[in-house]
*Asks:* 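My structure is below; once you've seen it, I'll send some questions.
Treat the numbers as computed from the prediction; the structure is a model and nothing was measured.
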Amino acid sequence: MTSKDCGSHTHSRRKLIRRIIWSTIFILFIIFLTILLIWAILQPSKPRFILQDATVYAFNVSGNPPNLLTSNFQITLSSRNPNDKIGIYYDRLDVYATYHSQQITFRTSIPPTYQGHKEVNIWSPFVYGTSVPVAPFNAVSLDADQDNGAVMLIIRADGRVRWKVGTFITGKYHLYVKCLAYINFGNKAAGVIVGDNAVKYTLTSSCSVSV
């Protein structure tokens, strides 16, 4: 074989490799473009959350000065997937309570789940905290709220979700849920006594959701 033949063979091989590379890039581009078009046409909507109720087992301030909060709630949180053709994977979802932007309970994890089209999921996790130190300025506000017989808490849910379109599953997105919980301790008629020293408050509060 002459050097000319070797050169021709090498050139043909490089040309074939380039064709394979460009063909692969083109196919990947078509697949990516198809996914984007499907995504744009379907227009996925965020899940809708509602805080249905909260059962209060404990909500006490102790210490000297009184700045240690012990609380124990069981909440009912519902989530609805409003999409016709898109499913939602909840890979992680942690629920906790805050008071004036301060976290007052531990995070409670909801088991990972898949939510189908137009499907509704209902969770009833316990959120609690024992002798949680409250910031001095929040302790003053909390004391005043208890004297007035009502406390405004925020139930939050933070997690990661993925969208499922047909067989395609997206990467993970952050999910932030914020629900207002106005608990009227001073009005006995505002809640229903369940068990020993527990009161269930119906809230039916729509939550703000961001992804």
*Asks:* For a quick test of your reading: what N or O donor-acceptor pairs under 3.5 Å do the side chains of residues 140-151 make, sequence neighbours left out?
*Replies:*
unit_1 : atom_1 : unit_2 : atom_2 : d
Ser141 : OG     : Phe137 : O      : 3.3
Asp145 : OD2    : Tyr99  : OH     : 2.6
Asn148 : ND2    : Ala144 : O      : 3.2

*Asks:* Show every side chain to side chain donor-acceptor pair (under 3.5 Å) that has at least one partner inside residues 56-65, sequence neighbours left out.
*Replies:*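 Sorted result for residues 56-65: empty, none.
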*Asks:* Kindly give the cluster partners of Ile122, where membership spreads through any ILVMFWY side chain lying under 4.5 Å from a current member.
*Replies:*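 So far as hydrophobic clustering goes, Ile122 is joined with Val120.
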*Asks:* Just say parallel, tilted or perpendicular for the rings of Tyr114 and Tyr89, cut-offs at 30° and 60°.
*Replies:*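 The arrangement is tilted - the two ring planes meet at 30° to 60°.
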*Asks:* Quiz question: by atom type and distance under 3.5 Å, do the side chains of Asn138 and Gln102 form a donor-acceptor pair?
*Replies:*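 Short answer, yes.
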*Asks:* Please determine if Arg156 forms a cation-pi arrangement with Tyr96, meaning its NZ or CZ atom is less than 6.0 Å from the six-membered ring centre and no more than 45° off the ring axis.
*Replies:*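 No, a cation-pi geometry is absent between Arg156 and Tyr96.
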*Asks:* Hey, could you give me the NZ/NE2 distance between Lys164 and His117, rounded to the nearest 0.5 Å?
*Replies:*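 Going from the NZ atom of Lys164 to the NE2 atom of His117 covers 6.5 Å.
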*Asks:* For Gln115 and Asn121, test the side chains for any donor-to-acceptor distance below 3.5 angstrom and give the result as yes or no.
*Replies:*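 Indeed, the side chains of Gln115 and Asn121 share at least one donor-acceptor pair under 3.5 Å.
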*Asks:* Is it the case that Asp53 and Thr76 place a side-chain donor and acceptor less than 3.5 Å from each other?
*Replies:*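 Side chains of Asp53 and Thr76: pair found under 3.5 Å.
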*Asks:* Is the number of heavy atoms from other residues, nucleotides or ligands within 6.0 Å of CD1 (Ile193) greater than 12?
*Replies:*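 Atom CD1 in Ile193 is not crowded, with 12 or fewer foreign heavy atoms closer than 6.0 Å.
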*Asks:* Which Ile, Leu, Val, Met, Phe, Trp or Tyr residues join Phe106 in one cluster when any pair of side-chain heavy atoms under 4.5 Å counts as a link?
*Replies:*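 Tyr128, listed by chain and number.
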*Asks:* Once salt bridge (Lys or Arg N to Asp or Glu O under 4.0 Å) is applied, do any residues pair with Arg92, and if so which ones, sequence neighbours excluded?
*Replies:*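 Residues passing salt bridge (Lys or Arg N to Asp or Glu O under 4.0 Å) with Arg92: Asp94.
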*Asks:* Where the side chain of Gln74 meets the backbone of Pro125, is there a donor-acceptor pair that is under 3.5 Å apart?
*Replies:*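 Side chain of Gln74 to backbone of Pro125: no pair is present.
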*Asks:* Would you please test Asn72 and Phe126 for side-chain contact (heavy atoms from CB on, under 4.5 Å) and show each step?
*Replies:* CA-CA 7 Å; Asn72 188 358; Phe126 280 89; 3.7 Å; yes
*Asks:* Give me the other members of the hydrophobic cluster that Trp22 sits in, counting Ile, Leu, Val, Met, Phe, Trp and Tyr linked by side-chain heavy atoms under 4.5 Å, directly or via other members.
*Replies:*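 Under the 4.5 Å side-chain rule, Trp22 groups with Ile17, Ile21, Ile25.
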